[in-house]
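Below: the structure, in structure tokens.
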2 protein chains.
Amino acid sequence: MIGDVARLAGVSNQTVSRVLNEHPNVRQDTRDRVLDAMRRLDYRPNLMARGLVRQKSHMLGVISFDSVLFGPATTLLGIGRAARARGYGVTILTPESGDRSSIVDTAASLASQAVAGVVVVFPSQAATTTALLSLPAGLPAVAVEAAPDDAIPAVRIDQLTGARIAVQHLLELGHETVWHVSGPRDRLDAQARVDGWRATLEEAGRTTPPVVVGDWSAESGYRAGLELAERPGITAVFAANDHMALGLLRAFHERGIRVPEDVSVVGFDDIPEAGYLIPPLTTIRPDHEEVGRLAVTTLLGLVDETEQDATAPPYVVPTLVRRRSTAAR
Amino acid sequence: MIGDVARLAGVSNQTVSRVLNEHPNVRQDTRDRVLDAMRRLDYRPNLMARGLVRQKSHMLGVISFDSVLFGPATTLLGIGRAARARGYGVTILTPESGDRSSIVDTAASLASQAVAGVVVVFPSQAATTTALLSLPAGLPAVAVEAAPDDAIPAVRIDQLTGARIAVQHLLELGHETVWHVSGPRDRLDAQARVDGWRATLEEAGRTTPPVVVGDWSAESGYRAGLELAERPGITAVFAANDHMALGLLRAFHERGIRVPEDVSVVGFDDIPEAGYLIPPLTTIRPDHEEVGRLAVTTLLGLVDETEQDATAPPYVVPTLVRRRSTAAR
DNA sequence: CTCGGCCATGTTAACGATCACAACAACCGT
DNA sequence: ACGGTTGTTGTGATCGTTAACATGGCCGAG
């Protein structure tokens with residue numbers, strides 16, 4: 001195929017290859033002739049042939065859980081866009097379930113797909129470790145959120161700061177303390193939010209109520225809300241994500257607890273509909289897409305020596321979005 | 001690399017290749033020896049080399065809009081899973097915007113990625129056509145939702161039936177007529193829902209109110225709700241998706257209109273949090289993942305002659321989920 | 001017992017690109 | 001005028017795999 005171009009341009013294959021790879025030592029008029037021939041033939045380099053000889057593919061692999069949820073889905077989008085901008089394609093795999101075997105399967109399937117590097121978007125340390133261990137040794141990898149150790153680079157939302165901002169906001173409104181509905185116990189991002197919440201309360205010298213554990217779903221938020229509704233004296237709740245906050249709002253509504261008059265609620269994620277809940281939800285907005293971008297930058301730093309800014313900042317700091325689910329006490 | 005296995009097993013490369021490709025004419029003990037050698041060396045076939053000689057990659061391409069939205073994201077998940085089950089990888093591209101040039105770019109970028117076939121998950125006919133035209137001729141393609149013509153196979157949710165079920169449900173509850181908040185005008189799926197809504201009303205001999213046009217977002221649903229709140233006598237609204245229904249609920253709440261006592265609302269999609277809105281949303285549930293699966297089956301029928309059930313049913317019929325946002329009049 | 005045909009396996013040439021090296025020209029300074 | 005650079009182009013080998021064809025052993029039919 002490259003031969004067709006070469007023949008039409010009246011040069012050798014090698015010269016076409018040089019034009020293709022922007023090698024400097026090609027005379028301008030030769031280059032033009034080649035480019036013209038490529039255009040006329042609608043030539044596209046065969047990436048498999050190129051990958052074969054270069055011993056390196058133009059594909060990045062991603063293993064992701066929960067790829068339908070707003071946060072991960074947005075990160076995936078960021079990964080895809082950033083990769084494309086650097087000339088890489090992305091292939092995304094989602095395990096059927098959280099089982100060990102399912103994760104190993106998925107990683108194996110990725111391993112056989114000739115990828116140049118891997119991004120693991122997994123929420124739990126155990127799962128990430130399993131996935132990474134099942135990958136061929138030596139394949140560059142970056143973790144989003146959960147990294148097994150410092151050996152593999154990680155990019156994450158600054159959950160601690162996010163939680164801190166949320167709690168601080170509530171304390172500043174005059175609430176005595178803040179309850180917390182957390183994500184699953186085995187998720188690092190969930191635990192980091194718990195840590196941030198607890199630390200902020202302790203620093204302010206407030207009592208720390210027990211954590212109510214959820215699983216990110218609206219349903220679990222609803223159940224948590226029913227539970228909290230039973231306890232008197234609660235005035236502020238920080239939910240670890242917006243979907244649980246949504247369930248919380250529903251439960252409080254059902255029990256006749258008014259938000260924000262009786263209880264203030266803060267979420268996390270700023271899902272697109274957060275501003276249209278009843279009432280509009282005050283929440284923490286992390287830039288999930290940026291996380292994806294950083295993951296790609298970091299990964300490509302490992303994959304490709306020529307990449308410059310190999311050391312991207314590993315934390316993305318979220319901001320507070322004030323709406324109407326919080327009020328002064 | 002295949003050579004290492006061959007050496008260890010004491011056979012030729014070709015025999016290893018035969019084992020790899022499940023060629024029948026290999027003696028059982030030879031096969032065992034080869035398999036054992038592969039296991040010992042942790043051998044993985046180089047897909048680029050294979051693709052090169054077979055003139056065919058193991059990758060499917062997907063171009064998708066709105067890949068963060070629940071519906072498309074779930075379809076993407078279905079595509080990924082189905083593809084993996086058949087030994088294909090999937091690479092997903094999302095254009096930066098809806099601009100023509102952005103779409104052309106994306107398609108071009110896919111074209112250069114050595115994919116065996118393409119699924120176009122685009123909502124508008126124009127965009128789908130643009131994308132398909134920018135793809136190399138002869139590349140098998142399947143459209144989800146919008147197909148430019150019968151030349152390229154399409155897989156879709158049976159929007160018409162979905163809308164019909166929604167409207168029927170409301171009419172059976174005794175509502176005189178049903179208002180409709182639609183998706184964007186240029187989206188075929190949105191228009192199909194409009195058609196189903198209108199047809200059902202007409203068949204029942206009811207008057208057809210003007211369509212209120214939204215853009216899928218909660219915000220547009222909210223605006224639509226404020227608009228509808230001004231008009232007296234409205235008792236039932238069918239929103240073209242759950243996010244707009246959510247905005248609608250908020251607007252009605254703000255205006256003191258009770259759901260379902262004053263107005264009944266039906267959504268479309270059954271997003272996971274639909275059951276936890278205020279009130280829990282009655283909605284239409286389409287199996288988005290199934291759409292993805294069917295798209296892959298259909299595409300592979302085109303790509304790979306040996307695939308059997310090339311003719312998958314092109315429609316996925318949704319069902320009604322009754323919750324508390326609808327009531328008898 | 002001999003020949004055609006099947007079975008198991010090996011040998012060689014692709015696939016489409018890049019890389020290392022060779023070749024040749026033009027230009028430089030001495 | 002000549003050796004040494006520098007710049008431009010071509011040649012042949014190579015990446016890991018599969019396809020096409022070749023080989024040789026064994027079996028059964030004539």
Side-chain angles (χ1 to χ4, degrees), chain A residues 1-38 41-59 87 89 111-116 136 138-139 304-306, chain B residues 1-38 41-59 87 89 111-116 136 304-306:
Chain A
M1 194 81 181
I2 209 179
D4 300 348
V5 177
R7 208 168 316 117
L8 182 58
V11 298
S12 74
N13 288 14
Q14 184 52 34
T15 300
V16 176
S17 170
R18 276 193 266 259
V19 171
L20 229 39
N21 294 288
E22 300 178 9
H23 194 93
N25 290 347
V26 178
R27 237 183 8 208
Q28 189 57 45
D29 64 329
T30 317
R31 182 186 305 276
D32 291 344
R33 233 167 344 119
V34 171
L35 288 173
D36 185 56
M38 297 203 295
L41 295 173
D42 190 27
Y43 165 77
R44 327 224 182 203
N46 181 321
L47 292 186
M48 292 187 289
R50 175 179 293 173
L52 182 58
V53 61
R54 287 213 187 134
Q55 298 290 60
K56 175 176 154 228
S57 87
H58 61 287
M59 274 284 165
S112 72
Q113 285 198 25
V115 293
L139 187 61
D304 194 349
E305 267 79 56
T306 66
Chain B
M1 196 79 183
I2 208 178
D4 300 346
V5 177
R7 209 168 317 115
L8 182 57
V11 296
S12 74
N13 287 15
Q14 184 54 30
T15 299
V16 176
S17 170
R18 276 192 266 258
V19 171
L20 228 40
N21 295 286
E22 299 178 10
H23 194 93
N25 290 347
V26 179
R27 236 182 11 206
Q28 190 54 45
D29 66 327
T30 315
R31 181 185 308 275
D32 290 344
R33 229 163 348 117
V34 170
L35 287 173
D36 185 56
M38 298 202 294
L41 295 174
D42 191 27
Y43 165 77
R44 327 228 182 197
N46 181 321
L47 292 185
M48 292 187 288
R50 175 178 293 174
L52 182 58
V53 59
R54 288 213 188 134
Q55 297 289 66
K56 181 180 146 220
S57 87
H58 60 289
M59 274 283 164
S112 72
Q113 286 200 23
V115 292
D304 193 348
E305 267 79 55
T306 67

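Lettering follows sequence order; numbering is per chain, from 1.
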Any B/I2 side-chain heavy atom under 4.5 Å of B/L20 side chain:
yes
List in chain and number order the residues that pass side chain to side chain donor-acceptor pair (under 3.5 Å) with [X], two or more places apart in sequence or in another chain; answer none if no residue qualifies.
X: A/S57; result: none
X: A/Q28; result: A/D32
X: A/D4; result: none

Identify the two heavy atoms, one from [X] and one from [Y], that lie closest to each other, and give their separation to 0.1 Å.
X: B/V11; Y: B/V16; value: CG2-CG2, 3.9 Å
X: B/H23; Y: B/R31; value: O-NH2, 3.2 Å
X: B/A37; Y: B/A9; value: CB-CB, 4.0 Å
X: A/A111; Y: B/R44; value: CB-NH1, 3.2 Å

To the nearest angstrom, the CE-C1' distance between A/M38 and C/dA17 comes to 14 Å
Enter the inter-axis angle for the ends of the helix from C/dC1-D/dG30 to C/dT30-D/dA1 (five pairs per end, rounded to 10°).
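The angle, to the nearest 10 degrees, is 50°.
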Give the first and the last nucleotide of DNA chain D, reading 5' to 3', that has any atom under 4.0 Å from a heavy atom of chain B.
D/dG16 to D/dA20
Residues in side chain to side chain contact (heavy atoms under 4.5 Å, CB included) with A/L139, at least two apart?
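Counting only residues at least two positions away or on another chain, A/L139 forms a side chain to side chain contact (heavy atoms under 4.5 Å, CB included) with A/V115, A/V118, A/L135, A/P136.
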Using a strict heavy-atom distance below 4.0 Å, which residues from residues 48-56 of chain B are in contact with DNA chain C?
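B/L52, B/V53, B/Q55 - these, ordered by number, are the residues of the stretch whose heavy atoms sit under 4.0 Å from the strand.
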Quick one: salt bridge (Lys or Arg N to Asp or Glu O under 4.0 Å) partners of A/R54, sequence neighbours excluded?
none
Side-chain donor-acceptor distances from residues 46-53 of chain B under 3.5 Å, at least two apart:
residue: B/N46; atom: OD1; partner: B/M48; partner atom: N; Å: 2.8
residue: B/N46; atom: OD1; partner: B/A49; partner atom: N; Å: 3.0

Please write out each protein N/O paired with an N/O of nucleotides 9-13 of chain C under 3.5 Å, distance rounded to 0.1 Å.
residue: C/dT9; atom: OP1; partner: B/R27; partner atom: NH2; Å: 3.3
residue: C/dT9; atom: OP1; partner: B/T30; partner atom: OG1; Å: 2.5
residue: C/dT9; atom: OP2; partner: B/R27; partner atom: N; Å: 3.0
residue: C/dT9; atom: OP2; partner: B/T30; partner atom: OG1; Å: 3.2
residue: C/dG10; atom: OP2; partner: B/S12; partner atom: N; Å: 2.7
residue: C/dG10; atom: OP2; partner: B/S12; partner atom: OG; Å: 3.0
residue: C/dG10; atom: OP2; partner: B/T15; partner atom: OG1; Å: 2.9
residue: C/dG10; atom: N7; partner: B/R18; partner atom: NH2; Å: 2.8

Which pairs count as salt bridge (Lys or Arg N to Asp or Glu O under 4.0 Å) when at least one residue sits in residues 13-29 of chain A, sequence neighbours excluded?
A/R27-A/D29
